[in-house]
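Naming: A, B, ... by sequence-line order, numbering from 1 per chain. Every heavy atom of this structure was used, including side-chain atoms; hydrogens, water molecules and symmetry mates were not. Computed from a predicted structure; not experimentally measured.
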Amino acid sequence: DTGVSQDPRHKITKRGQNVTFRCDPISEHNRLYWYRQTLGQGPEFLTYFQNEAQLEKSRLLSDRFSAERPKGSFSTLEIQRTEQGDSAMYLCASSLDGTGNGYTFGSGTRLTVV
Amino acid sequence: GEDVEQSLFLSVREGDSSVINCTYTDSSSTYLYWYKQEPGAGLQLLTYIFSNMDMKQDQRLTVLLNKKDKHLSLRIADTQTGDSAIYFCAERVTDKLIFGTGTRLQVFP
């Protein structure tokens, strides 16, 4: 297992288009998190899953955003009708429930909306 | 509320020690973390400390936690040019991490 994988690494899209990102967590990790990071800021929590259940969503996650983790393994984050303000790095992380030793982050997907 | 603050910038000479400071507000934090981010990369976990500990040392890294003042620091001994990056402090609140804005560490020869 090589860690948390995210695909694609970069995405450029026109305003109004839909985009979907994928995250493959570390295989034995049951928790999966999505964060968004804009330039000069720290990552901001969007949502997280325990297995296939989505347990919490941030108020940052507008109704244009939807995340799924259908089989409790990989997850997708879809943004509909993208806006320029959606331009950011979208980071995925995974962890094992009940442990404190940190969350492992992927390299992120950089979204640019033009 | 949940808020994590860090100074924005630190510049040190190679070989000196670096100290990066962080304050947080949520007293229910269970763990506190330090992450490193290099340009264009994701976040790399450096170290973490449980909230009932005062200090943790891991090779060149020393974490100090003052729970009363909600203050966390990361000391990097013998700082090298490869340590140049952005360092994020994060507190774990319930099941998610709350990050600071990051401290950019610049190491000069």
Side-chain angles (χ1 to χ4, degrees), chain A residues 2-7 9-10 21 23-26 29-51 53-61 67 88-110 112, chain B residues 1-9 20-26 28-53 56 58 61 63 65 72 74 85-105:
Chain A
T2 56
V4 178
S5 299
Q6 292 189 245
D7 183 68
R9 289 295 307 274
H10 300 94
F21 310 141
C23 172
D24 287 88
I26 292 173
H29 285 182
N30 59 346
R31 290 194 172 179
L32 186 149
Y33 302 79
W34 285 100
Y35 281 80
R36 181 175 70 186
Q37 186 179 22
T38 53
L39 201 62
Q41 300 297 314
E44 297 172 297
F45 170 78
L46 292 178
T47 188
Y48 90 96
F49 294 83
Q50 178 162 309
N51 301 312
Q54 189 172 17
L55 295 189
E56 187 173 346
K57 292 193 289 186
S58 162
R59 57 183 171 77
L60 294 176
L61 211 68
M89 175 79 87
Y90 290 84
L91 294 163
C92 176
S94 68
S95 73
L96 187 58
D97 186 17
T99 66
N101 56 340
Y103 301 12
T104 303
F105 280 81
S107 298
T109 294
R110 181 168 294 284
T112 302
Chain B
E2 306 160 347
D3 195 19
V4 179
E5 293 189 356
Q6 301 179 237
S7 53
L8 292 180
F9 191 76
I20 303 172
N21 294 300
C22 168
T23 57
Y24 61 98
T25 55
D26 198 314
S28 66
S29 301
T30 52
Y31 291 90
L32 295 126
Y33 302 84
W34 285 103
Y35 280 85
K36 176 183 180 183
Q37 187 175 40
E38 296 183 81
L43 297 164
Q44 175 194 352
L45 177 65
L46 291 177
T47 187
Y48 66 97
I49 188 167
F50 188 48
S51 58
N52 68 354
M53 296 170 63
K56 181 177 180 180
D58 185 359
L61 306 179
V63 178
L65 174 60
L72 183 74
L74 174 70
I86 301 176
Y87 290 79
F88 291 96
C89 162
E91 59 172 341
R92 178 173 170 171
V93 178
T94 57
D95 294 317
K96 61 182 183 287
L97 299 186
I98 307 299
F99 286 86
T101 52
T103 299
R104 181 178 295 276
L105 174 64

Problem - Any side-chain heavy-atom pair of B:Ser51 and B:Tyr31 under 4.5 Å - result: no

Problem - Portion of B:Gln44 that has a non-hydrogen atom of chain A nearer than 4.5 angstrom - result: neither

Practice task
Determine whether the aromatic ring centres of B:Tyr35 and B:Phe88 lie less than 6.0 Å apart.
Solution key: no

Practice task
Assign the ring pair A:Tyr35 / A:Phe45 to parallel, tilted or perpendicular, where the plane angle (0 to 90°) is split at 30° and 60°.
Solution key: perpendicular

Exercise for the section: Report the option among A:Arg9, A:Glu56, A:Glu44 that has the most heavy-atom pairs separated by less than 4.5 Å from atoms of chain B. Expected result: A:Glu56

Completion exercise
Answer key: most heavy-atom pairs under 4.5 Å with chain A among B:Thr101, B:Leu43, B:Thr47 is B:Leu43

Exercise for the section: With sequence neighbours excluded, tell me which residues meet side-chain hydrogen bond (donor to acceptor under 3.5 Å, both in side chains) with B:Asn21. Expected result: B:His71

Fill in the blank from the handout: For A:Gln6, the side-chain hydrogen bond (donor to acceptor under 3.5 Å, both in side chains) test, sequence neighbours excluded, returns none

Fill in the blank from the handout: Among A:Ala93, A:Cys92, A:Gly108, A:Pro43, the residue with the most heavy-atom pairs under 4.5 Å to chain B is A:Pro43

Practice task
Please flag which part of B:Phe50 lies under 4.5 Å from any non-hydrogen atom of chain A: side chain, backbone, both or neither.
Solution key: neither

